[in-house]
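Structure, as structure tokens:
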Amino acid sequence: MKGYLPAVILALSLFGTAQAAIDTYEFASEAERARYRQLTEELRCPKCQNQNIADSDAPIAMDLRAEIYRMLEAGDSNAQIVDYLVARYGDFVLYKPPLTGRTLLLWYGPAGLLVGGFVLLGVILLRRRGADEEAAAGLSGAERQRLAELLKQTPLDKKDP
């Protein structure tokens, strides 16, 4: 019985992957197949958000693969196909969105936050340094001398009042 359990688990796990849908399209040439593969790998799935439409099993990705195939068969160029998908789903379907007014924050936001963090850190350090200097400057001459004497004392000197 112990020997059958791992085999049953393996068979069940393989059965789940065997049910996955596989797109089978007939292409006129290898060049069209390569164009199809390139387009499906460089466009992002609108539902999955982190997968390209070639790797996604979402229904919308299957529809987009079928649409890309239809457009390739119709003779559309790669630019026309990408423009159609961008017009329909926005710049989100592109892994590298173009630099426009709407995507400036996307492109330069992280660098701006990093620079802002360094500026904030610099301001905090300068304020602390100024506060330390003001505290030291606030002592009179006699107080500074007394402070210097206290700092020079060793722990053994503290026994003698």
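- Within the model, atoms SG of Cys48 and CD1 of Ile53 stand 10.5 Å from one another, a figure rounded to the nearest 0.5 Å.
- Chaining together hydrophobic side chains whose heavy atoms lie under 4.5 Å apart places Leu121 alongside Leu125.
- The pair Glu73-Arg70 fails the salt-bridge criterion, with no side-chain N (NZ, NE, NH1 or NH2) lying under 4.0 Å from an Asp/Glu carboxylate O.
- Looking at heavy atoms from C-beta onward, Thr40 lies out of side-chain contact with Leu64 at the 4.5 angstrom threshold.
- Contact annotation: the side chain of Val82 approaches that of Glu42 to within less than 4.5 Å [non-hydrogen atoms, C-beta and beyond].
- Remark: Arg44 CZ to Leu85 CG distance equals 13.5 Å, nearest 0.5 Å.
- Looking at Glu30 and Arg33, a side-chain N of the basic residue comes within less than 4.0 Å of a carboxylate O on the acidic one, giving a salt bridge.
- Summarising the geometry, atom CG belonging to Leu43 is positioned 5.0 Å from atom CD1 belonging to Ile68; distances are rounded to the nearest 0.5 Å.
- With a 6.0 Å radius and a threshold of 12 heavy atoms from other residues, nucleotides or ligands, Glu143 has its CD atom above the threshold.
- Arg37 CZ to Phe27 CZ: the interatomic distance, rounded to the nearest 0.5 Å, is 8.5 Å.
- For the atom pair OH (Tyr84) and CD (Glu67), the distance works out to 4.0 Å, reported to the nearest 0.5 Å.
- Shown here is Gln80, whose CD atom has more than 12 heavy atoms of other residues, nucleotides or ligands within 6.0 Å.
- By the 4.5 Å side-chain criterion applied to Ile, Leu, Val, Met, Phe, Trp and Tyr, Leu114 is assigned to a cluster that also includes Phe118.
- Within a 6.0 Å radius of CZ in Phe92, other residues, nucleotides and ligands contribute more than 12 heavy atoms.
- At a cut-off of 3.5 Å, with distance as the only test, a side-chain donor of Arg35 or Asn78 sits close to an acceptor on the other residue.
- Hydrophobic side-chain contacts under 4.5 Å tie Leu120 into a cluster, directly or through other members, with Ile124.
- Residues Val115 and Tyr108 do not share a hydrophobic cluster, clusters being chains of Ile/Leu/Val/Met/Phe/Trp/Tyr side chains in contact below 4.5 Å.
- In terms of heavy atoms, Ser56 sits closest to Gln51 at CA-OE1, 3.6 Å.
- Tyr69 and Arg65 are not linked by any side-chain donor-acceptor pair at a separation below 3.5 angstrom, with hydrogens and angles left out of the test.
- Contact between Ile60 and Cys45 at its shortest, heavy atoms only, is CG2-SG, 4.0 Å.
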